[in-house]
Amino acid sequence: QVQLVESGGGLVQPGGSLRLSCAASRNISSMYRLGWYRQPPGKQRELVATITQGSSTNYADSAKGRFTISADNARNIVQLQMNSLKPEDTAVYYCNAGVFGTMSLLNYYWGQGTQVTVSS
């Protein structure tokens with residue numbers, strides 16, 4: 001089992017910045033993929049950014065150039081730095097981890113989510 005706890009969400013004005021943090025209960029250096037997803041009101045959950053094997057990053061088109069994902073192995077924290085926020089970024093943001101378990105099976109875990117609201 002892996003527990004993920006997000007923090008850092010809140011209310012911010014358009015053009016502002018937020019840094020989301022995801023604290024993991026296990027060593028993230030052993031995790032295959034870490035990522036951030038979001039679910040806007042009334043919409044399906046969508047990918048924001050991922051980091052695979054600690055180095056390879058991938059971003060949604062809407063996040064490129066504005067968001068940065070990073071992993072702090074020493075503190076078992078994955079972060080999402082969000083700059084130049086827009087009202088369309090308003091969503092519940094979820095942390096996700098893909099972890100290899102027993103018998104080489106890949107298991108996926110989700111945090112509870114943190115609300116980000118971008119509004120003037």
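Every value quoted in this text rests on a predicted model; they were computed, and no experiment measured them.
Not one N or O on the side chain of Asn83 forms a donor-acceptor pair closer than 3.5 Å with the backbone of Ser17. A donor-acceptor pair is defined here as one N or O able to donate and one able to accept, closer than 3.5 Å; no such pair exists between the side chain of Tyr94 and the backbone of Glu6. Of the possible polar contacts, none joining the Gln13 side chain to the Ser120 backbone as a donor-acceptor pair under 3.5 Å is found.
Annotation: salt bridge (charged side-chain N to carboxylate O under 4.0 Å, His left out) contacts involving residues 89-107, sequence neighbours excluded, comprise Arg38-Asp89, Arg66-Asp89. Sorted by first and then second residue, the pairs that involve residues 3-50 and meet ring pair (Phe, Tyr, Trp, His ring centres under 6.0 Å), not counting sequence neighbours, are Tyr32-Phe100, Tyr37-Trp110. Residue pairs satisfying the disulfide bond (SG atoms under 2.5 Å apart) criterion with at least one member in residues 49-86, sequence neighbours excluded, are absent. For residues 58-120, the disulfide bond (SG atoms under 2.5 Å apart) pairs, not counting sequence neighbours, are Cys22-Cys95.
The side chain to side chain donor-acceptor pair (under 3.5 Å) test applied to Gln115 returns Thr117, not counting sequence neighbours. The side chain to side chain donor-acceptor pair (under 3.5 Å) test applied to Arg45 returns no partner, not counting sequence neighbours.
Taken to the nearest 0.5 Å, the CG atom of Leu18 stands 9.0 Å off from the CZ atom of Phe67. In this structure, Ile51 CD1 and Asn58 CG are separated by 11.0 Å, a value rounded to the nearest 0.5 Å. In this structure, CG in Leu11 is found 8.5 Å from OG1 in Thr90, a value given to the nearest 0.5 Å. Residue Asn76 holds its CG atom at 10.5 Å from CG of Leu4, rounded to the nearest 0.5 Å. A distance of 12.0 Å separates OG of Ser119 from CG of Leu85, quoted to the nearest 0.5 Å. Rounding to the nearest 0.5 Å gives a distance of 10.0 Å between OG1 of Thr57 and NZ of Lys64.
You'll find the side chain of Met31 reaches within 4.5 Å of the side chain of Val2, heavy atoms only.
Surrounding CD of Gln39 are more than 12 heavy atoms belonging to other residues, nucleotides or ligands, all under 6.0 Å away.
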* To do: Would you please test Met82 and Val116 for side chain to side chain contact (heavy atoms under 4.5 Å, CB included) and show each step?
  => CA-CA 10 Å; Met82 305 187 294; Val116 172; 4.0 Å; yes
* Asked: Run the side chain to side chain contact (heavy atoms under 4.5 Å, CB included) check on Arg33 and Tyr108 step by step: do they pass?
  -> CA-CA 9 Å; Arg33 181 173 293 150; Tyr108 298 93; 5.6 Å; no
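The heavy-atom pair separating Val48 from Ala63 by the smallest distance is O-CB, 3.8 Å. For the pair Val92 and Gly113, the tightest heavy-atom approach, listed with the atom from each and the gap, is CG1-CA, 3.9 Å.
The cluster map of Ile, Leu, Val, Met, Phe, Trp and Tyr, joined by side-chain heavy atoms under 4.5 Å apart, puts Leu47 and Val78 in different clusters. Note: the hydrophobic cluster containing Tyr109 also contains Tyr93 (ILVMFWY, side chain heavy atoms under 4.5 Å, direct or indirect links).
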